[in-house]
Asks: 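The following block contains the structure, expressed as structure tokens.
Residues: numbered from 1 along the sequence shown.
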Amino acid sequence: MSEMVERVAAAMEKRRAELINQPLARIWPELAVAAIEAMREPTEVMISAALAADGTNMPLALGYDDAYRAMIDAVLGGAKHAD
């Protein structure tokens with residue numbers, strides 16, 4: 001199993017335990033947020049894949065990891081996260 005899959009599974013498991021007595025309709029969106037938040041920090045494998053995919057193996061000025069975090073933040077409603 002990949003590092004990211006393990007990270008997301010752990011975040012979902014933790015959040016599910018916190019919501020154990022909540023109605024099912026509330027649990028699914030909360031688990032989705034937990035999963036997306038867990039994915040906010042890209043793994044080294046993800047950064048390597050991005051470098052290889054662009055064909056230049058040269059990082060963007062912003063950096064793939066910063067660009068990726070910005071995309072995740074947009075999904076989460078633009079919330080700012082401390083690194």
Side-chain angles (χ1 to χ4, degrees):
M1 201 175 319
S2 76
E3 175 186 349
M4 183 60 75
V5 172
E6 290 176 7
R7 186 187 310 168
V8 170
M12 291 176 68
E13 181 180 13
K14 178 182 178 210
R15 189 67 181 130
R16 176 66 178 105
E18 295 167 356
L19 297 169
I20 197 72
N21 293 321
Q22 298 298 316
L24 196 55
R26 177 167 179 232
I27 292 171
W28 296 120
E30 293 283 341
L31 289 179
V33 168
I36 293 166
E37 287 176 343
M39 292 171 46
R40 187 172 181 275
E41 187 63 34
T43 65
E44 288 298 318
V45 170
M46 293 168 69
I47 297 297
S48 294
L51 288 169
D54 88 358
T56 65
N57 285 326
M58 299 292 293
L60 296 171
L62 176 62
Y64 287 105
D65 51 346
D66 292 331
Y68 179 81
R69 284 186 209 100
M71 289 185 279
I72 295 295
D73 289 347
V75 169
L76 294 171
K80 301 292 182 200
H81 291 78
D83 290 321

Asks: Answer yes or no: is there a side-chain heavy-atom contact under 4.5 Å between Arg40 and Tyr68?
Replies: no
Asks: Which residues pass the side-chain contact (heavy atoms from CB on, under 4.5 Å) test with Ile47, not counting sequence neighbours?
Replies: Pro42, Leu51, Tyr64, Asp65
Asks: What is the minimum heavy-atom distance between Glu41 and Met4, and which atoms define it?
Replies: O-CE, 3.6 Å
Asks: State the CD1-CE distance between Ile36 and Met12, to the nearest 0.5 angstrom.
Replies: 10.0 Å
Asks: Could you work out, with side-chain contact (heavy atoms from CB on, under 4.5 Å) as the rule, every residue matching Glu3, not counting sequence neighbours?
Replies: Arg7, Thr43
Asks: Nearest 0.5 angstrom please: Asp73 CG to Glu37 CD, how far?
Replies: 9.5 Å
Asks: Using the rule that two of Ile, Leu, Val, Met, Phe, Trp, Tyr join whenever any of their side-chain heavy atoms come within less than 4.5 Å, decide whether Trp28 and Leu19 are in one cluster.
Replies: yes
Asks: With rounding to the nearest 0.5 angstrom, report the CD1 to CZ distance, Ile27 to Arg16.
Replies: 4.0 Å
Asks: Using a strict cut-off of less than 4.0 Å between a Lys/Arg side-chain nitrogen and an Asp/Glu carboxylate oxygen, indicate whether Arg15 and Glu18 qualify as a salt bridge.
Replies: yes
Asks: Please name all residues satisfying side-chain contact (heavy atoms from CB on, under 4.5 Å) with Ala11, sequence neighbours left out, ordered by chain then number.
Replies: Ala38
Asks: Hydrophobic clustering (ILVMFWY, side-chain heavy atoms < 4.5 Å, transitive) - are Met71 and Val45 grouped together?
Replies: no
Asks: When clusters are formed by joining ILVMFWY residues with side-chain heavy atoms under 4.5 Å apart, either directly or through shared neighbours, do Val33 and Ile20 land in the same one?
Replies: no
